[in-house]
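Residue numbers start from 1 in every chain, and the chains themselves are labelled A, B, ... in the order their sequence lines are given, proteins ahead of strands.
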Amino acid sequence: MRLATWNVNSVKARLPRLLEWLAETEPDVVGLQETKVAAGAFPAAEIEDLGLGYEVAAHGEGRWNGVALLSRVGLERVSLGFAGEPGYEGEPGESLLLDEPGLRRPEARAVAADCGGIRVWSLYAPNGRTPDSAHYAYKLEWYAALRAALAAELSASPALVACGDFNVAPTDADVWDPAVFVGSTHVTPPERQALADLRALGLEDVVPVPMKGPHPFTYWDYRAGAFPKDMGMRIDLVYASPPVAGRVRGAYVDREARKGHAPSDHAPVVVDLS
DNA sequence: ATGTCCCAGTCTCTGGGA
């Protein structure tokens with residue numbers, strides 16, 4: 001079985017690249033993030049029409065966020081979001097278009113389903129913006145709720161994969177220059193502790209092999225020629241429970257998908273299981 | 001080089017988010 005996770009940065013803008021990549025790579029299960037499309041407008045028909053056998057589950061709200069699962073090994077017990085998932089309350093005075101403060105509904109950041117005997121989660125963690133922002137506090141709250149939800153799921157579904165854009169680099173080796181990130185999100189001790197708390201549930205970080213160079217980075221900013229200079233980060237992760245981690249036969253970052261015309265700023269992570 | 005890309009709305013530009 002081949003699993004993959006990919007932050008596509010708009011599934012509509014990326015559709016030609018996504019269809020091409022699916023046909024070339026033939027993953028059995030794919031978690032997508034930052035689809036940036038309402039669930040009803042997700043291009044499910046285009047993916048199904050590839051003839052590769054994909055079923056689609058999409059969770060989206062429109063302009064921001066959005067996650068999806070594609071599977072050709074079954075797609076059962078689909079769940080959108082998770083119990084206790086917080087919504088973003090905003091900074092004091094920040095204009096938000098949704099409900100009143102205190103009634104904020106969760107954003108589209110999680111979708112899960114049973115795929116070929118594995119409980120698969122596609123996750124898009126909040127960015128956090130800056131460590132002193134309300135968005136950073138929201139990020140940590142979201143992680144705490146996610147940990148509780150995954151703990152509950154693991155007792156019922158011991159074969160589980162939580163993959164996606166975690167918006168945290170687990171170690172200093174996972175950013176191109178730790179000095180540049182001092183004082184920034186994605187590397188702070190509380191964010192890294194949030195990942196450690198997930199691993200403490202028994203989840204294993206399936207570290208992929210880079211296609212080129214020493215670093216298995218998965219994200220490179222569009223700006224400043226970051227990709228050709230390999231100024232990247234490893235923030236797209238695959239966390240696997242022991243029954244799945246024991247089946248891992250290989251994992252790689254598909255940096256070819258970051259090249260060429262109109263790429264996402266993230267590369268897919270591909271994991272092969274026995 | 002703060003050097004890019006994507007989205008919706010204010011709609012052939014702008015502002016927000018990443």
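Taking only side-chain nitrogens and oxygens, R129(A) comes nearer than 4.0 Å to OP1 or OP2 of dA18(B). R14(A) has a side-chain polar atom (N or O) that falls below the 4.0 Å cut-off from OP1 or OP2 of dC6(B).
If you take NE2 of H186(A) and P of dA18(B), they are 9 Å apart, rounded to a whole angstrom. Regarding Y219(A), its OH atom lies at a distance of 13 Å from the P atom of dC6(B), rounded to whole Å. N9(A) has its CG atom 11 Å from the P atom of dC5(B), to the nearest Å. Put simply, CD on Q33(A) is 21 Å from P on dG17(B), counting in whole angstrom units. In this structure, E107(A) places its CD atom 11 Å from P of dG17(B), rounding to the nearest Å. In this structure, the CD atom of E61(A) is 13 Å from the C1' atom of dA8(B), given to the nearest Å. Note: CZ (R63(A)) to C1' (dG17(B)) measures 8 Å, nearest angstrom. Distance, D236(A) CG to dA18(B) P: 15 Å, rounded to whole Å.
If you take atom C1' in dC11(B) and the same atom in dC6(B), they sit 15 Å apart, rounded to whole Å. Spacing between dT10(B) and dG15(B) at atom P, rounded to whole Å, works out to 13 Å. The gap from the C1' atom of dT12(B) to that of dG17(B) amounts to 22 Å, rounded to the nearest Å.
Ring planes of Y239(A) and F166(A): tilted class, angle from 30 to 60°. In this pair, H135(A) and Y88(A) present their aromatic rings perpendicular. The plane angle is above 60°, beyond the 30 to 60° band.
Closest to the side chain of E34(A), out of dA18(B), dG17(B), dA8(B), is dA18(B). Residue W64(A) has its side chain nearest to dG16(B) when only dG16(B), dA18(B), dC7(B) are considered.
Linking ILVMFWY side-chain heavy atoms closer than 4.5 Å, directly or via other members, places V120(A) and V269(A) in a single hydrophobic cluster. M211(A) and W220(A) fall into different hydrophobic clusters, where Ile, Leu, Val, Met, Phe, Trp and Tyr residues are linked whenever their side-chain heavy atoms come under 4.5 Å apart, directly or through other members.
Ranked by how close their nearest DNA chain B nucleotide is to the 5' end, D221(A) and G62(A) are led by D221(A). DNA chain B is contacted by both V11(A) and N7(A); V11(A) maps to the nucleotide lying nearer its 5′ end (nearest heavy atom per residue).
Closest approach of R72(A) to L52(A), counting heavy atoms only: CD-O, 3.1 Å.
Among the atoms of the strands shown, none is found under 4.0 Å from any heavy atom of F227(A).
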